[in-house]
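What follows is a set of notes on a single structure, which appears directly below.
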Amino acid sequence: MVLYTWDPAENTIRRSSLEDIIEAIYALTMLIPVGRVTSYGNIARVLGINPRLVGLAMKKNNKPIIIPCHRVVAWNGDLKNYSRGGPLVKEKLLRLEGVKVENRRVPREYFIDLYKMLIDPPT
DNA sequence: ATTTGCTCAGCTC
DNA sequence: GAGCTGAGCAAAT
């Protein structure tokens with residue numbers, strides 16, 4: 001899938017740059033409530049992009065307070081990395097927000113499904 | 001539970 | 001260009 005974006009300077013539609021896509025990723029990340037997580041793949045599915053791009057965006061995140069990238073984990077609950085301090089800091093932050101982490105895994109019940117919420121709500 | 005294949009930006013030669 | 005590395009995932013085994 002190819003994403004397109006509005007370019008106000010040129011008053012035209014153009015193919016999204018990587019930065020545009022990363023902005024969209026951040027916007028979705030900010031929708032995750034305190035005490036909940038979602039997966040890289042779930043965010044990727046909303047935008048129709050490759051999950052690895054979501055990981056790339058998280059790594060580039062330079063506003064870790066505004067953009068809660070610690071609430072994005074692997075689909076199977078693995079914490080994966082956290083560029084500000086590694087997985088242990090990620091685990092600590094999640095615990096502070098009330099997310100249980102068992103054997104370095106986040107249990108299913110803490111996941112929210114952004115795709116279901118935004119794209120494919122129950123009929 | 002483990003392996004395999006797909007994927008793509010960024011980095012190195 | 002070619003080859004490798006990830007903050008990934010799903011399907012097959």
Side-chain angles (χ1 to χ4, degrees):
Chain A
M1 181 198 239
V2 180
L3 297 176
Y4 291 88
T5 195
W6 177 252
D7 185 335
E10 301 288 336
N11 190 21
T12 183
I13 300 288
R14 62 171 165 77
R15 200 167 192 273
S16 295
S17 67
L18 181 61
E19 320 247 304
D20 299 326
I21 293 170
I22 285 178
E23 265 193 55
I25 293 170
Y26 289 161
L28 289 174
T29 305
M30 286 187 282
L31 296 180
I32 309 169
V34 175
R36 291 307 190 90
V37 299
T38 194
S39 70
Y40 301 94
N42 190 247
I43 291 172
R45 194 171 172 217
V46 173
L47 297 174
I49 59 176
N50 191 292
R52 291 204 185 244
L53 281 188
V54 180
L56 181 68
M58 295 302 125
K59 192 153 77 169
K60 285 193 167 184
N61 175 18
N62 56 349
K63 292 172 188 156
I65 294 163
I66 303 172
I67 301 157
C69 51
H70 60 282
R71 294 183 199 143
V72 184
V73 300
W75 75 281
N76 62 1
D78 276 354
L79 289 175
K80 292 291 178 193
N81 216 336
Y82 185 63
S83 52
R84 306 231 161 187
L88 280 83
V89 175
K90 193 168 182 175
E91 177 171 343
K92 191 142 205 166
L93 285 169
L94 288 172
R95 284 239 169 85
L96 285 172
E97 295 183 345
V99 175
K100 224 178 270 176
V101 184
E102 295 166 348
N103 328 330
R104 306 192 156 277
R105 292 270 181 105
V106 178
R108 280 209 115 77
E109 57 261 34
Y110 292 96
F111 279 73
I112 57 165
D113 188 338
L114 289 176
Y115 185 82
K116 228 170 213 172
M117 286 169 53
L118 300 173
I119 310 289
D120 189 27
T123 50

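Naming convention: chains lettered A, B, ... in sequence-line order (proteins, then strands); numbering from 1 in each chain.
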Legend entry - Hydrophobic cluster of A:Val34, others only, ordered by chain and residue number, side-chain cut-off 4.5 Å: none
Inset, instruction - Give a yes/no answer on whether the side chain of A:Lys59 brings an N or O atom under 4.0 Å of OP1 or OP2 in B:dG10. - result: no
Legend entry - Side-chain (A:Thr29) to main-chain (A:Cys69) donor-acceptor, under 3.5 angstrom: no
Inset, instruction - Would you classify A:Ser39 as touching base, sugar-phosphate or nothing, given that sugar-phosphate means primed atoms plus P, OP1 and OP2, and contacts are heavy atoms under 4.0 Å? - result: sugar-phosphate
Legend entry - Range on DNA chain C touched by chain A - first to last nucleotide, heavy-atom distance under 4.0 Å: C:dG6 to C:dA10
Legend entry - Bracket string, DNA chain C, 5' to 3' - pairs by Watson-Crick or G-U geometry under 3.5 Å, | interstrand: ||||||.||||||
Inset, instruction - Could you list the residues that satisfy side chain to side chain donor-acceptor pair (under 3.5 Å) with A:Arg105, not counting sequence neighbours? - result: A:Asp78
Inset, instruction - Tell me what A:Leu53 touches on the nucleic acid: a base, only sugar-phosphate, or nothing, going by heavy atoms under 4.0 Å. - result: sugar-phosphate
Legend entry - Euclidean distance, atom CD1 of residue A:Ile49 to atom C1' of B:dC6 [Å, nearest integer]: 16 Å
Legend entry - Least distance between heavy atoms, A:Ala57 atom then A:Tyr26 atom: O-OH, 2.7 Å
Inset, instruction - Measure the shortest side-chain to side-chain distance between A:Ser39 and A:Val72 over non-hydrogen atoms and say whether it is less than 4.5 angstrom. - result: no
Inset, instruction - Taking A:Arg104 for its side chain and A:Leu79 for its backbone only, find out whether a donor-acceptor pair lies under 3.5 Å. - result: no
Legend entry - Set of residues satisfying side chain to side chain contact (heavy atoms under 4.5 Å, CB included) with respect to A:Asn50, sequence neighbours excluded: A:Arg52
Inset, instruction - Report the hydrophobic cluster partners of A:Tyr82, with the cluster defined as I, L, V, M, F, W, Y residues connected by side-chain heavy atoms closer than 4.5 angstrom, directly or transitively. - result: A:Val89, A:Leu93
